[in-house]
Amino acid sequence: DVSDLLFILKREKPEPSGTIRLWAKVLAMSPPSSSQELFKNKVLHFIREYGSQIWGKSFDIMKSQKLFLDSARRYQKYS
């Protein structure tokens with residue numbers, strides 16, 4: 001659930017672009033289904049709502065959302 005994810009990310013402070021690319025890879029490599037769009041929207045929402053809480057005020061929401069979408073497209077080409 002979201003509160004568990006927030007707790008872990010705040011405690012561990014993983015590098016944001018690596019985390020976002022991992023989520024993109026998960027999306028791109030998952031079998032086609034109606035759940036993909038839901039997952040994509042949840043990740044974009046999570047970045048927008050919690051990114052600054054986790055990674056600080058300098059966290060760029062728009063850049064991070066673009067990184068997620070661009071990375072998912074790129075991974076899709078190679079999967």
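If you chain together hydrophobic residues whose side chains sit under 4.5 Å apart, Phe39 and Met29 never meet in one group.
Shown here are the salt bridge (Lys or Arg N to Asp or Glu O under 4.0 Å) partners of Arg73, two or more places apart in sequence or in another chain: Asp70. Applying the side chain to side chain donor-acceptor pair (under 3.5 Å) criterion to Ser34, with sequence neighbours excluded, gives no partner residue. By the side chain to side chain contact (heavy atoms under 4.5 Å, CB included) test, Asp1 pairs with Ser3, Asp4, sequence neighbours left out. By the side chain to side chain donor-acceptor pair (under 3.5 Å) test, Ser71 is found to be paired with Arg74, residues two or more places apart in sequence or in another chain being considered. With sequence neighbours left out, the side chain to side chain donor-acceptor pair (under 3.5 Å) criterion links Lys63 to no other residue.
Atom CG of residue Leu27 and atom CZ of residue Phe68 lie 5.0 Å apart, to the nearest 0.5 angstrom. Taken to the nearest 0.5 Å, the CD atom of Gln76 stands 14.0 Å off from the NZ atom of Lys25. Distance check: Ile47 CD1 to Asp60 CG gives 11.0 Å after rounding to the nearest 0.5 Å.
Within the structure, side chain to side chain donor-acceptor pair (under 3.5 Å) pairs that include any residue of residues 35-44 comprise Ser30-Gln36, Glu37-Lys40 (at least two apart or interchain). Every pair passing ring pair (Phe, Tyr, Trp, His ring centres under 6.0 Å) that includes a residue from residues 44-66 is listed here, sequence neighbours excluded: Trp23-Phe46, Phe46-Tyr50, Trp55-Phe59.
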Under 3.5 Å, sequence neighbours excluded: what are the donor-acceptor pairs made by side chains of residues 5-13?
| residue | atom | partner | partner atom | Å |
| --- | --- | --- | --- | --- |
| Lys10 | NZ | Gln53 | OE1 | 3.2 |
| Lys13 | NZ | Ile54 | O | 2.6 |

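Other members of a hydrophobic cluster containing Leu38 are absent, since no ILVMFWY side chain comes under 4.5 Å of it, directly or through relayed contacts.
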